[in-house]
Amino acid sequence: DCANKDGRFPPRHLYLFTQGLDDQERAQTFLKVAKACPPAAAFLLRSFSSGIDDFMDHEVEPSGMDDEAVQTLAPIDKEWCNALRAGAKDGIIKAETLAMLIDNAPRAATDLIDALTGVPVEQNREHHPLPIRAKVPSGVGPWPVTCAYEEDLLWSWIDPGLRSKDKNGGEMFKRGGRRWHDELVQVDAMQGHEVKVRVVHLRGIANVDVLNALAMTRDARIFSKLAIHALLNHVWVRFQIIYWIEFVHALLLTVFVLSWWILWHQSPPGTFLRCVLWSVVASHGLFQFIAVFWNFRTSFLTFGVSKAIARFMFLRVYCRLGFGSLTLGLAVISYSNLWPEGPDASFLLASNSVLHWSHLLFQLRAFKWTGQRLLPIAKSVQPIAGMLVIMGALLLGFLFGFWAMDIEDASGVMVFKVAILLLTGEHFFDGEDLLDMSDLRRTFMIVLTLAALFLFLACALNIFIAVLGDCYDLEQERMVSSFQIERARICSSLLLGPQALLPPALAERLPVGVFVALLACAGLAVWLVWCGTVEKDFSAWPSAFVLVGALVLTQATLRGNLTIGWEERYLWFCNEAQMEEEFVSSQPEEYDHAETNGRMQRIKTYIFEHRRRTKVEMETLTHQFVEMQERQSRLELLCGDMHEMMRSIVKTNGGDEALPSSPMAAAMVGAAAAVQRPMTPAVRARGVMLQSPRTLSGRSSSRGQS
């Protein structure tokens with residue numbers, strides 16, 4: 001507490017206070033430091049050897065050895081990994097703890113994910129070991145990662161004689177493991193690649209708090225972890241059927257209903273079909289209000305008022321209110337004849353057509369192949385607000401200039417004419433109009449027109465295009481993290497919706513999928529029946545309420561039953577062994593073609609390949625240096641024994657202890673003394689620079705023994 005209070009204690013020495021703590025105390029210390037001083041948590045999990053301390057204190061400190069470099073390069077100590085996993089097992093570290101760290105200390109959250117992720121323990125390595133070669137399909141995420149969310153924390157195996165007695169005996173496959181083992185790892189020794197299977201030692205990580213924190217975070221480094229990729233892939237696979245229901249509803253409204261109302265506006269169909277089309281529009285508007293209300297209600301009950309309001313504003317949930325209001329307004333104004341008629345309906349129909357087609361394009365961001373191409377385009381427009389201000393100022397300046405030249409006929413039409421002139425270069429006056437002007441007026445009009453074309457069309461628009469291109473290149477580099485952030489926002493919104501569980505008696509007799517299908521069919525049947533009663537002067541509003549009720553109940557039933565038991569499960573994932581988390585935030589190789597074959601992508605690919613080769617060479621040098629250290633240690637022990645032996649010989653001969661009895665003995669004693677002489681700071685510094693982060697963090701225990 002005193003070391004973190006004023007921030008005067010060196011963070012790299014914080015590990016000294018935790019050497020005598022047990023696992024539970026270490027886990028509590030990590031949480032305390034992460035809350036009080038988030039950047040110091042990275043140093044707390046990493047211990048440094050005396051060589052590093054002497055090098056940083058007495059030698060010239062290198063410019064690259066800053067906090068970020070130390071936090072990135074040095075791995076987490078094994079003692080801390082074991083302590084944090086034990087804390088997660090004992091309930092000290094929970095999913096809510098990870099969500100809190102993502103909100104307040106993203107670097108500490110990244111370290112926590114690294115510490116809790118490890119190779120699973122094999123229950124029987126001889127009969128059922130972890131697979132080495134397997135096929136990893138591309139899946140639903142940017143990178144090929146398979147995942148499973150199960151209650152097991154061990155790579156379990158059941159003895160053949162006990163399988164019939166096991167409660168899950170019907171779920172075993174031929175090698176004696178769980179059936180989900182085959183789903184996680186598709187073993188293929190011929191066409192597969194070397195894979196890694198890992199498990200996150202955090203119970204219930206698929207939590208609404210974690211997903212909301214991922215959706216709200218501004219630090220994209222957490223999305224470079226494969227565990228987060230696996231988490232989002234699992235939640236999306238489970239919840240994509242709920243998203244598809246909402247997407248199909250919007251697709252029917254946009255492509256079918258609005259197009260029908262516009263293309264066949266002069267020939268309306270019968271009452272039944274008009275009621276069906278109208279109820280789709282009305283139900284979509286009502287659904288937006290219900291979704292926003294329930295989303296805010298769940299956020300309020302789960303996170304509190306302040307966080308619910310912050311989420312409402314940050315994720316722009318209020319846009320759905322405006323979207324639903326416009327759709328519901330079109331339904332209200334078309335209710336009299338269940339068909340849009342009149343000029344007011346035309347205005348709303350045109351606005352809804354543009355808005356719904358844009359919203360349909362926006363909804364495609366959730367899918368893998370469309371989202372990774374649409375998101376860079378959409379996000380590249382956001383950072384160019386400065387250019388829009390410049391272009392708006394120029395547009396208004398020339399607008400008022402031309403308006404002043406024809407102030408007698410000034411009207412709103414002039415705005416359209418000037419905008420066409422500035423954007424396309426097509427003038428709104430001809431040669432006869434210029435000839436009718438006086439010489440001074442004609443000269444000023446020509447100069448004003450040329451200045452407008454040069455400054456706006458030639459300069460401002462080209463600069464705008466250049467800035468937009470740079471923003472697109474930047475967003476293209478961030479495509480993977482942007483896609484994962486959007487995936488987290490969609491999953492968190494889906495998880496905050498209404499939930500409904502089947503009664504236990506009904507759940508035992510009827511599968512959830514069958515019940516949902518029957519519920520959807522019953523809702524659609526009631527909806528169509530009510531649409532048929534509209535011909536007998538019944539109100540059409542109940543048909544819209546029946547349709548939106550069927551949609552909400554179907555989604556609630558799916559949401560409630562798909563999340564059963566998530567609080568007691570662990571996240572497993574499998575990826576190719578050659579995939580490194582350092583490159584997860586970059587674009588996958590399968591996209592390095594037409595979309596990413598630009599100058600920046602080539603530079604980035606070259607840097608990554610050079611970094612990979614440098615890392616291999618560094619590991620080789622580190623291995624050689626460790627071998628040299630081991631040889632030096634053996635020589636020190638050997639020379640020390642020889643030195644003691646020579647002293648005993650000298651004492652036995654009755655000679656002087658300081659003077660060996662022969663030249664050979666004197667040489668041996670001198671060699672022993674030279675080996676035991678401590679290294680100079682310069683030599684020690686050169687040795688430290690050759691060590692890898694793993695060696696540096698591993699020497700903390702040996703320092704105490706020496």
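Given the structure is predicted, the values throughout are model-derived calculations rather than measurements.
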Reported CG-to-CD1 distance for the pair Leu211 and Ile490, which is rounded to 0.5 angstrom: 12.0 Å
Which value, rounded to the nearest 0.5 Å, describes the distance between Arg487 atom CZ and Gln240 atom CD? 8.5 Å
Grab the two heavy atoms, one from Ala331 and one from Trp278, that are nearest each other, plus how far apart they are. O-NE1, 2.8 Å
Is it the case that atom CZ in Phe314 sees more than 12 heavy atoms from other parts of the structure closer than 6.0 Å? yes
Shortest non-hydrogen contact between Pro129 and Trp155, atoms and distance: O-NE1, 3.3 Å
For Ala95 and Gly204 the tightest heavy-atom approach is CB-O, 3.2 Å
Arg320 and Gln288 side chains, donor-acceptor separation under 3.5 Å: yes
Between Glu475 and Lys379, does a salt bridge (Lys or Arg N to Asp or Glu O under 4.0 Å) hold up when you go through it step by step? CA-CA 7 Å; Glu475 292 298 332; Lys379 289 186 174 294; 5.9 Å; no
Do any N or O atoms from the side chain of Arg133 and from the backbone of Gly192 form a donor-acceptor pair under 3.5 angstrom? yes
Quick check: does any side chain N or O of Thr254 sit under 3.5 Å from a backbone N or O of Leu251, one acting as donor and the other as acceptor? no
Test item: Ser481 side-chain N/O and Ala220 main-chain N/O as donor-acceptor pair under 3.5 Å: no
Between the main-chain N or O of Phe223 and the side-chain N or O of His229, is there a donor-acceptor pair closer than 3.5 Å? yes
How about His201 and Leu153: do any of their side-chain heavy atoms sit closer than 4.5 Å? yes
Using only atom types and a distance under 3.5 Å, with no angle test, would you say the side chain of Ser325 pairs donor to acceptor with the backbone of Leu321? yes
Is there side-chain contact between Val546 and Val529, with at least one heavy-atom pair below 4.5 Å? no
So CH2 of Trp572 and OG1 of Thr117: to nearest 0.5 Å the spacing works out to 12.5 Å
Kindly check if the number of other-residue, nucleotide or ligand heavy atoms within 6.0 Å of CD (Glu194) is above 12? no
Does Leu355 reach the side chain of Ser351, with side-chain heavy atoms less than 4.5 Å apart? no
Please check: side-chain N/O of Gln372 versus main-chain N/O of Phe483, any donor-acceptor pairing under 3.5 Å? no
Heavy atoms, side chains only, cut-off 4.5 Å: are Trp527 and Ser283 in contact? no
Exercise: identify the closest heavy-atom pair between Gly87 and Ala27: CA-CB, 4.1 Å
Counting the benzene-type ring for Trp, do Phe247 and Phe367 have ring centres under 6.0 Å apart? yes
Measuring only between side-chain heavy atoms, which start at C-beta, is Leu547 closer than 4.5 Å to Phe287? no
Is a donor from one side chain sitting under 3.5 angstrom from an acceptor on the other, for Arg221 and Ser224? no
Relative to the ring of Tyr149, is the ring of Trp566 parallel (under 30°), tilted (30 to 60°) or perpendicular (over 60°)? perpendicular
Carefully, step by step, assess Glu568 and Arg203 under the rule salt bridge (Lys or Arg N to Asp or Glu O under 4.0 Å). CA-CA 6 Å; Glu568 301 297 328; Arg203 187 185 300 109; 3.6 Å; yes
Return the SG to CG distance between Cys147 and Leu571, rounded to the nearest 0.5 Å. 6.5 Å
Taking the side chain as every heavy atom from C-beta outward, state whether His249 and Val280 have any pair of such atoms under 4.5 Å apart. yes
With rounding to the nearest 0.5 Å, note down the distance linking OG in Ser299 to CZ in Arg311. 4.5 Å
Between Arg559 and Leu494, is there a donor-acceptor pair closer than 3.5 Å when you use the side chain of the first and the backbone of the second? yes
Determine whether Gln123 and His128 make a side-chain contact, defined as any pair of heavy atoms from C-beta on separated by less than 4.5 Å. no
Below 4.5 Å, heavy atoms only, C-beta onward: do Val136 and Val145 meet side chain to side chain? no
Show the numbers, then the answer: is there a side chain to side chain donor-acceptor pair (under 3.5 Å) between Tyr243 and Ser493? CA-CA 10 Å; Tyr243 189 83; Ser493 298; over 6 Å; no
Nearest heavy-atom neighbours spanning Ala230 and Phe573: CB-CB, 3.5 Å
Does the side chain to side chain donor-acceptor pair (under 3.5 Å) test come out yes or no for Arg489 and Ser492, once each step is laid out? CA-CA 5 Å; Arg489 292 175 178 176; Ser492 65; over 6 Å; no
Do you know the tightest heavy-atom contact between Gln363 and Ala250? OE1-CB, 3.4 Å
For atom CD1 of Ile132, decide whether the heavy atoms of other residues, nucleotides or ligands shown that lie under 6.0 angstrom number more than 12. no
With distance as the sole test, does Thr298 use its side chain to make a donor-acceptor pair with the main-chain N or O of Asn295 at under 3.5 Å? no
Hey, does the side chain of Asn207 reach the backbone of Asp209 with a donor-acceptor pair shorter than 3.5 angstrom? yes
Check: Trp530 ring centre within less than 6.0 Å of Trp541 ring centre: no
Report yes or no: does Thr97 contribute a side-chain atom to a donor-acceptor pair with the main-chain N or O of Lys94 at less than 3.5 Å? yes
Does the gap between the ring centers of His284 and Phe323 come in under 6.0 Å? yes
How far does NE2 of His359 sit from CG of Asn352, to the nearest 0.5 angstrom? 12.0 Å
